[in-house]
Each structure stands twice: as C-alpha cells, then as structure tokens.
Amino acid sequence: MKIYLTALVKCKAGTTAQMKDFLDKLVAASRQEEACLQYELYQSTTDETQFVFHETWASQEGLDRHVKQEHFQLFSQQIADIIDGPLGIYKTDRVH
C-alpha cells in the first residue's frame, strides 16, 4: 500500500541558503531509494524559510527504511541548529 506524506520544514531566519543545501542533498539521495516513488521539495513564495515535501513511498516498510538511511540521519544532524520548530509530518490518503 502506497504511503503519501507531506512534510513541513522551517529554518531560522538567515539560514535559508544553508538549509537549501542540506535539502538538495537529501532530495538527491532519497530519490535513489527503491521504495521512493515521489520526492518533491517546494519553497514557500511568502516565507523563504518554509519548505514543503510531497512524498510517495511504495510501502510503510520503505518509508521506515528511508528514515534509517545514512543520508536521512546526516540531514537530521545537520539541521539540528538551524531548524525552527519540529518537522511537521502528515500522512494522508489520496482522495483523487
């Protein structure tokens, strides 16, 4: 069963370029994962510090493997000092 996920990431003011660099590396590596069907990153047009992921995973097991990957663990460590609040994670069911 596919897993649809939206994730919100906000960084502290003045750290947007650094966050984008970390996010770019995460996206490139995550797209290489076998269970990754979609991994798109967007940036708010009204708040440059706000980023939104739209992800589709082949299964819950694939998503579980994703968060254990070295590139995801490294990303989590890298953003520890620049993230503004917790990650917002929303698992959803596709309606249309």
Side-chain angles (χ1 to χ4, degrees):
M1 184 168 134
K2 290 181 184 175
I3 303 297
Y4 300 95
L5 188 91
T6 300
L8 305 177
V9 181
K10 184 170 177 62
C11 63
K12 295 176 182 173
T15 66
T16 301
Q18 187 178 15
M19 178 63 88
K20 282 176 98 169
D21 182 54
F22 295 149
L23 290 168
D24 287 343
K25 291 173 184 169
L26 176 66
V27 168
S30 298
R31 286 181 175 165
Q32 299 304 310
E33 293 181 51
E34 185 177 333
C36 180
L37 303 177
Q38 174 190 20
Y39 206 85
E40 297 180 353
L41 175 64
Y42 300 87
Q43 185 175 18
S44 172
T45 59
T46 58
D47 179 357
E48 72 172 10
T49 66
Q50 182 70 57
F51 297 89
V52 179
F53 282 97
H54 292 292
E55 306 172 24
T56 305
W57 295 91
S59 65
Q60 182 61 52
E61 293 79 18
L63 177 57
D64 292 344
R65 282 192 303 273
H66 168 64
V67 299
K68 294 177 183 174
Q69 295 290 324
E70 183 177 335
H71 58 265
F72 187 87
Q73 294 297 315
L74 177 61
F75 170 75
S76 298
Q77 293 169 8
Q78 290 173 323
I79 67 167
D81 293 332
I82 65 172
I83 194 167
D84 187 5
L87 290 173
I89 306 291
Y90 301 92
K91 287 171 85 174
T92 58
D93 288 324
R94 188 171 182 178
V95 177
H96 293 284

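On a predicted model such as this, the values are computed, not experimentally measured, just so you know.
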Less than 4.0 Å between a side-chain N and a carboxylate O, is that true for Lys25 and Asp21?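 So Asp21 pairs with Lys25 through a salt bridge.
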Counting C-beta onward and ignoring hydrogens, is there a side-chain heavy-atom pair between Leu74 and Phe22 closer than 4.5 Å?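 Result no, sub-4.5 Å side-chain heavy-atom pair not found.
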Could you tell me whether the side chain of Lys91 reaches within less than 4.5 Å of the side chain of Gln60, counting heavy atoms only?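 Touching, per the 4.5 Å side-chain cut-off.
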Option from Arg94, Glu40, Gln38 for which side-chain hydrogen bond (donor to acceptor under 3.5 Å, both in side chains) with Thr56 holds: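 Of all the options given, the one that passes is Gln38.
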Asp47 and Lys10: side-chain contact (heavy atoms from CB on, under 4.5 Å), yes or no, with the steps? CA-CA 9 Å; Asp47 179 357; Lys10 184 170 177 62; 2.6 Å; yes
Find out if a path of hydrophobic residues (ILVMFWY) with successive side-chain heavy-atom gaps under 4.5 Å connects [X] to [Y].
X	Y	value
Tyr90	Val52	yes
Leu87	Phe53	yes
Phe72	Leu5	yes
Tyr4	Tyr39	no
Leu41	Ile89	yes

Measure the spacing between [atom1] of [X] and [atom2] of [Y] and express it to the nearest 0.5 Å.
X	Y	atom1	atom2	value
Thr15	Glu48	OG1	CD	9.0 Å
Met19	Leu26	CE	CG	10.5 Å
Ile83	Phe51	CD1	CZ	11.0 Å
Arg65	Trp57	CZ	CH2	9.5 Å
Ile82	Lys12	CD1	NZ	9.0 Å
Phe75	Asp24	CZ	CG	10.5 Å

Check: Gln43 main-chain N/O paired with Gln50 side-chain donor or acceptor under 3.5 Å: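 Looks like no, no N/O pair under 3.5 Å.
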Under 3.5 Å, side chain of Ser59 to main-chain N/O of Gly62, donor-acceptor pair present?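 It does hold such a pair.
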Are more than 12 heavy atoms, taken from residues, nucleotides or ligands other than Lys2, located less than 6.0 Å from that residue's NZ atom?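 Counting other residues, nucleotides and ligands, NZ of Lys2 stays at 12 neighbours or fewer.
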Mind checking whether His66 and His71 have parallel, tilted or perpendicular rings, split at 30° and 60°?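 Tilted.
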Run Thr16 and Cys11 through side-chain contact (heavy atoms from CB on, under 4.5 Å) and show every step you take. CA-CA 6 Å; Thr16 301; Cys11 63; 3.8 Å; yes
